[in-house]
Protein chains: 2
Amino acid sequence: MASSIHDLARHLNISIGTVSRALNGRADVNADTRQRVLDAAKKLNYSPNQSGRSLRQGATHSIAFMLQPHPGDQQYGEPFFIPFLIGVQGRLAESGLDLTVVMGAPGDYQQERLRRVVETRRADAVLLAWTRRQDERIDYLTQVGFPFATLGRSRSGGKTYPSLDLDFEQAGSDAVDRLVARGHRRIAAIRPSLNLNFSHLFLDGYRKALKRHGIEVDPALIADGFINEAGGYQVTPRVMLAKDRPTAIIFNNDAMALGGCKALAEMGIRPGHDIAVTVIVDTPLCRYFSPALTAFRPALEPMGRRLAEMLLASLPAFAGPEGPRIIHEVWPLELVARDSD
Amino acid sequence: MASSIHDLARHLNISIGTVSRALNGRADVNADTRQRVLDAAKKLNYSPNQSGRSLRQGATHSIAFMLQPHPGDQQYGEPFFIPFLIGVQGRLAESGLDLTVVMGAPGDYQQERLRRVVETRRADAVLLAWTRRQDERIDYLTQVGFPFATLGRSRSGGKTYPSLDLDFEQAGSDAVDRLVARGHRRIAAIRPSLNLNFSHLFLDGYRKALKRHGIEVDPALIADGFINEAGGYQVTPRVMLAKDRPTAIIFNNDAMALGGCKALAEMGIRPGHDIAVTVIVDTPLCRYFSPALTAFRPALEPMGRRLAEMLLASLPAFAGPEGPRIIHEVWPLELVARDSD
DNA sequence: TGTGTTGTCGTAAACGTTTACGGAAAAACG
DNA sequence: CGTTTTTCCGTAAACGTTTACGACAACACA
């Protein structure tokens with residue numbers, strides 16, 4: 001059915017070794033025969049069998065991205081990841097690598113599926129997202145010595161792997177600064193209840209900024225919830241019922257913001273009028289919500305490209321002449337002022 | 001580094017053939033040695049090299065899902081697909097198959113990437129979504145004889161592949177029925193401008209229902225736009241400026257509905273008060289929007305399971321004793337009445 | 001005891017590549 | 001013209017599996 005390198009060789013009456021060398025652009029093959037091989041390959045619609053290549057080379061030429069569900073949640077934060085993955089994919093393609101995203105059912109925090117990818121050697125490296133403070137996936141990968149890079153920082157595994165993160169601390173701080181400058185002093189923060197690292201960073205920035213402005217941090221204005229619409233909906237009333245009602249809310253997640261605004265609407269509180277609403281990671285949702293939500297926007301696609309780049313730079317097979325490098329970067333979020341604050 | 005079947009054999013002092021047979025549960029191996037092999041496999045943390053297996057068996061044990069971007073759009077309709085893919089993944093795992101979703105940058109309608117998956121034999125079969133009326137991907141796959149199944153129908157390729165679709169025609173019709181029953185006669189329809197099959201089906205249902213009620217179809221009330229928030233935002237004013245202003249709008253997509261509601265808000269028109277809004281495919285967005293949007297909800301995860309099931313049933317290697325079967329199914333959408341109409 | 005059957009296992013080929021090695025011919029050099 | 005170098009190509013092994021085939025022992029049966 002599909003033509004193999006043997007078919008090409010037979011067709012051209014040369015050896016398979018020569019065919020392979022011609023195809024792979026090696027130097028020791030006559031320019032003429034190389035051309036004939038390439039022509040024949042096109043004519044016979046040849047393309048190399050990945051299993052064969054992988055087996056021989058010990059490399060699959062593909063990078064796995066673990067799409068990470070949260071326990072009890074159907075949410076994967078897709079509006080966030082898709083542009084990011086487009087960037088990753090673009091950069092990988094330039095180096096002849098495929099991106100395959102492996103999915104799991106929610107609930108197992110992916111550990112099992114990660115093992116499976118690693119152990120059956122389905123990918124040459126893996127990309128992790130939504131890192132936690134203590135992240136067992138990172139522990140596992142460093143322990144078995146499997147190459148990886150992360151979107152987001154973690155305390156696990158030391159500084160032995162490339163990582164790219166957004167500056168959630170700065171964003172949290174900037175959000176507070178902006179609200180304070182606009183006269184707010186009662187500012188609530190709503191964030192995911194999971195041990196996600198960015199959630200901690202956000203809260204750190206929030207706290208520090210408040211202190212800087214001489215505003216005491218009121219625990220009644222900080223709430224955790226599921227990282228989805230339901231979570232925001234459920235938790236927002238809690239901060240609104242605080243003794244001294246907040247005049248502003250910062251949501252650490254767009255889905256939570258949507259749910260939260262729903263809750264506010266039911267209480268007759270209008271974002272942009274009766275309360276200021278800021279969300280930390282911008283998505284199309286924020287822009288088209290009414291009122292449009294002021295949000296902090298990441299450069300997702302460039303981030304994807306860059307993290308892929310950084311991952312490659314850490315792999316001996318793809319690193320430049322100076323050898324593999326472990327790079328860490330933290331990218332800023334850009335404020336997009338809209339109508340909700 | 002990673003242990004191979006040879007390591008196991010050496011460690012147990014038996015041949016690799018026996019080890020392989022033991023691992024694969026074949027009959028002709030002593031129960032005792034089988035147990036020893038399994039124990040050793042666990043102890044040495046053995047798991048088979050996929051490339052080796054694939055090469056020998058001519059099967060990769062993985063199914064590819066093409067995540068299909070739209071030209072000029074970063075939207076993949078993810079909130080829709082993720083639960084669906086969870087279902088697919090769950091069913092495939094039961095048969096020892098992996099699901100890998102392959103992504104492409106927007107703009108090429110995936111034809112190139114599809115070729116790549118097929119030609120390098122990275123998957124045993126592929127799952128297509130967002131089928132078009134004439135779908136070159138389907139043409140290609142049928143032509144080269146690569147197994148696949150589709151979420152959504154198409155006119156391409158005949159009835160030679162399994163397909164599962166939602167009954168968009170019925171939903172379009174039901175939506176109109178409901179609105180007419182509530183006294184509306186000027187009902188607009190907003191749908192994606194691409195040649196997506198479900199978009200045609202929806203409009204068919206919409207048209208037929210109107211005619212059934214003796215209402216003439218007004219082209220000024222039908223608009224196409226990009227299948228994202230921007231598209232809805234851009235196109236909705238168009239139908240609102242029709243001579244005889246519509247009192248209801250049916251959106252064929254949740255993102256378009258969001259953008260459309262934004263446009264309505266800017267015109268001072270409130271869904272649920274000044275206009276009735278219905279959306280055809282329900283997502284969490286619809287539920288948590290204010291007002292909550294009346295929508296038609298698909299059973300995404302069961303659909304995923306079922307389509308995986310149907311794909312497997314069509315593959316000789318996985319079909320039951322009666323041999324491969326090509327199954328077609330159309331599933332209903334369930335009305336979720338909320339506050340927007 | 002001879003023959004057939006069954007249970008268990010080893011041998012070796014095969015899947016489609018890549019690549020180290022060596023050899024023959026051509027080219028370059030003295 | 002002889003020697004060395006270069007250019008090009010074929011040979012064969014290797015990657016980790018699976019599996020057809022045959023071998024051998026144990027056992028059953030006549």
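Throughout, protein chains are lettered first and strands after them, A, B, ... in sequence-line order, and every chain is numbered starting at 1.
One interatomic measurement links the two molecules: CG of A:Leu55 to C1' of D:dT17, which rounds to 8 Å at whole-angstrom precision. Following rounding to the nearest Å, B:Leu8 (CG) and C:dG10 (P) show an atom-to-atom distance of 13 Å. Rounded to whole Å, the distance from OH on B:Tyr46 to P on D:dG16 is 10 Å. Whole-Å rounding puts the B:Leu23 CG to D:dG16 P distance at 15 Å. Taking atom CZ of A:Arg122 as the reference point, atom P of D:dG16 lies 17 Å away to the nearest angstrom. Atom CZ in A:Arg34 sits roughly 10 Å away from atom P in D:dC9 (whole-Å rounding). As a whole-Å value, the separation of B:Ile14 CD1 from C:dG7 P is 19 Å. The nearest whole Å value for the distance from the CZ atom in A:Arg121 to the C1' atom in D:dT17 is 12 Å.
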Can you name the atoms? Protein N/O to nucleotides 20-28 of chain D N/O, anything below 3.5 Å, with the distance.
residue, atom, partner, partner atom, Å
D:dA20, N6, B:Arg21, NH1, 3.4

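Not a single donor-acceptor pair, N or O on each side, falls under 3.5 Å between the base of C:dT17 and the side chain of A:Arg56. No donor-acceptor contact under 3.5 Å links the side chain of A:Arg53 to the base of C:dT17.
To the nearest 0.5 Å, atom CG of residue B:Leu8 and atom NZ of residue B:Lys43 are 10.5 Å apart. Considering CG of B:Leu300 and CG of B:Leu151, their distance stands at 8.5 Å, rounded to 0.5 Å.
Of all heavy-atom pairs spanning A:Ala22 and A:Arg34, the tightest one is O-NE, 3.5 Å. In terms of heavy atoms, B:Leu315 sits closest to B:Pro147 at CD2-CB, 3.4 Å.
Residues A:Leu114 and A:Tyr140 form a side-chain contact, since some pair of their non-hydrogen atoms from C-beta on lies under 4.5 Å apart. Taking the side chain as every heavy atom from C-beta outward, B:Asp98 and B:Thr60 never approach each other to under 4.5 Å. Taking 4.5 Å as the limit, some side-chain heavy atom of A:Ser95 sits within range of a side-chain heavy atom of A:Leu312.
OP1 or OP2 of C:dT18 sits under 4.0 Å from a side-chain N or O of A:Ser20.
The residue A:Thr33 sits close only to the backbone: its heavy atoms come under 4.0 Å of sugar-phosphate atoms, none of a base. Here A:Ile16 lies in heavy-atom contact (under 4.0 Å) with a base. Residue A:Ser4 is classed as a sugar-phosphate contact, given heavy-atom separations below 4.0 Å to backbone atoms only.
Among C:dG10, D:dG10, D:dG16, the nucleotide with an atom closest to any side-chain atom of B:His6 is D:dG16. The A:Ser15 side chain lies nearest to D:dG10 when the options are C:dT17, D:dG10, D:dT17.
Remark: nothing in residues 92-100 of chain B comes within less than 4.0 Å of DNA chain D through any heavy atom.
Aromatic ring orientation, A:Phe84 versus A:Phe65: tilted (interplanar angle from 30° to 60°).
Tested against A:Arg10 for a side chain to side chain contact (heavy atoms under 4.5 Å, CB included), the candidates A:Leu12, A:Ile14, A:Asp7 yield a single pass: A:Asp7. Of the options B:Arg132, B:Arg133, B:Arg137, a salt bridge (Lys or Arg N to Asp or Glu O under 4.0 Å) to B:Asp135 is made by B:Arg137 and by none of the others.
Heavy-atom distances to DNA chain C give each of B:Gln57 and B:Asn30 a nearest nucleotide, and the one nearer the 5′ end belongs to B:Asn30.
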